[in-house]
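Beneath this line is the structure, given in structure tokens, with notes to follow.
It should be emphasised that the depicted structure is a prediction, and the values quoted were computed from it without experimental measurement. Note on naming: letters A, B, ... go to the chains in the order of the sequence lines (proteins, then strands), and numbering restarts at 1 for each one. Computation of the quantities below employed the complete heavy-atom set of this structure, encompassing side-chain atoms and omitting hydrogens, waters and symmetry-equivalent molecules.
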Protein chains: 2
Amino acid sequence: MTLEKTLKPTESELEILQVLWQHGPSTVRFVHEELSKNKEVGYTTTLKLMQIMADKQMLDVDKSSRSHIYYAALEEEKTQQQLLGRFLDAAFRGSASKLVMQALGNSNTSKAELDEIRNLLDKLEGGSK
Amino acid sequence: MTLEKTLKPTESELEILQVLWQHGPSTVRFVHEELSKNKEVGYTTTLKLMQIMADKQMLDVDKSSRSHIYYAALEEEKTQQQLLGRFLDAAFRGSASKLVMQALGNSNTSKAELDEIRNLLDKLEGGSK
DNA sequence: TTCCTTTTACGAAATCATTCGTATATACTT
DNA sequence: AAGTATATACGAATGATTTCGTAAAAGGAA
């Protein structure tokens, strides 16, 4: 088992990770253009951030071609799980059901997704005896 | 309708809000002692933070007695809702069902709470037609 | 080759959050 | 009253995050 350092991506870092998770390995240029869809940001800012993230081992880099290719080094689900745990404590004092209720109440979730959640509930209640 | 500035409490600020939400209006001393249960922190640090929060109108202060009494000026649910919205976008790219599934999967939620969630699901599916 | 564009490298500034030392005021204790 | 404890006020240091200017390197176009 490898040393699982529990890195905490900052908000900006998370934005970059999201691009890489969604689109796969990318150049700085591509990531920068994605980020630019949502906010004003300078190219070298994005570059610097990604370099820092590579330093922290959040990203891997392939430097074989001129435009370096960056890879997310953190797994999406594992990272989300960690963030969620922290958020749950910080914002909801650990009450998962409160969080879930609010999340469901305030978002347009499709019937299919609701059914998926219901299935999970069935499994959970079944197992919890 | 009053100007609803959408303040974003920082992590430390949120810790203080949690104490006030949970215990009601409190002195700096009390809040500080609550925080100290979880982490090392200096008294003047807590004081300063609460003063800053009062500046930002996150807290109201009653200065009539020597030990000032601080009140949460933000509603718990409304604040949680805002934080949740942001978190959902930042960490789950807006997918509430993914968040909910992960939250349920990884926390020990009681049968009673699961049933409560199920009821909400029923209401949602009913209404969404 | 020369010029223009794109990329990375580097370093530092700007911003924001957190922490705390010190001073001063107020109340309590003896 | 004198001394001690506890409170707020103030200002500044620290630290982390974010931003970006400038330069150097690499590649492509004329």
Between C1' on C:dT26 and NZ on B:K63, what's the gap in Å once rounded to a whole number? 15 Å
Heavy-atom check, side chain of A:P9 versus side chain of A:T79, under 4.5 Å: yes
Establish whether A:V19 and A:I52 are linked, either directly or via other cluster members, by ILVMFWY side-chain heavy-atom contacts under 4.5 Å. no
Are A:E76 and A:Q18 side-chain neighbours, meaning at least one heavy-atom pair lies under 4.5 Å? yes
Are A:Y70 and A:M53 side-chain neighbours, meaning at least one heavy-atom pair lies under 4.5 Å? no
Strand contacts (DNA chain C) in residues 34-44 of chain A, 4.0 angstrom heavy-atom criterion: A:Y43, A:T44
Evaluation steps, salt bridge (charged side-chain N to carboxylate O under 4.0 Å, His left out), between A:K8 and A:E13: CA-CA 9 Å; A:K8 182 173 191 196; A:E13 287 171 345; over 6 Å; no
Heavy-atom contacts under 4.0 Å between residues 15-31 of chain B and DNA chain C, which residues? none
Rounded to whole angstroms, how far apart are CE on A:M50 and C1' on C:dC10? 18 Å
Name the orientation class of the two ring planes belonging to A:F30 and A:H23 (parallel below 30°, tilted from 30 to 60°, perpendicular beyond 60°). perpendicular
Using the C1' atoms of the five pairs at each end, what is the angle between the end axes of the helix from C:dT1-D:dA30 to C:dT30-D:dA1, to 10°? 0°
Set out, in order, the CA-CA distance, both residues' side-chain angles and the distance that settles side chain to side chain donor-acceptor pair (under 3.5 Å) for B:E113 and B:S110, then state yes or no. CA-CA 5 Å; B:E113 290 174 304; B:S110 72; 3.2 Å; yes
Select from A:T10 and A:R66 the residue whose nearest nucleotide in DNA chain D is closer to the 5' end of that strand. A:T10
Answer yes when A:K111 and A:D115 have at least one side-chain N-carboxylate O distance shorter than 4.0 Å, and no when they do not. yes
Value in whole Å for how far the C1' atom of C:dT18 lies from CG of B:L47: 14 Å
Starting at CG of A:L49 and ending at P of C:dC10, how long is that distance when rounded to a whole Å? 17 Å
Whole angstroms only, please: what is the NE2-P distance between B:H32 and C:dT18? 15 Å
When all nucleic acid strands are considered with a 4.0 Å heavy-atom cut-off, which category describes A:T45: base, sugar-phosphate, or nothing? base
Counting side-chain heavy atoms from C-beta on, which of D:dT17, D:dA7, D:dT18 comes nearest to A:E11? D:dT18
Are B:L59 and B:I69 linked, directly or through intermediate hydrophobic residues, by side-chain heavy-atom contacts shorter than 4.5 Å (ILVMFWY only)? no
Distance, rounded to the nearest Å, where B:Q51 contributes CD and D:dA7 contributes P: 13 Å
Rounded interatomic separation in angstrom, taking CG from A:L14 and C1' from D:dT18: 15 Å
Under-3.5 Å donor-acceptor pair between A:K48 side chain and D:dG21 base: no
May I ask you to check whether A:T109 and A:S107 show a side-chain donor-acceptor distance below 3.5 Å? yes
For the pair made of CE in A:M58 and C1' in D:dT17, what is the distance, rounded to whole Å? 12 Å
Just so I know, are the side chains of A:L120 and B:V100 near enough to count as touching, which here means a heavy-atom distance under 4.5 Å? no
Same cluster or not: A:Y71 versus A:L35, using hydrophobic residues (I, L, V, M, F, W, Y) connected whenever any side-chain heavy atoms lie under 4.5 Å apart? no
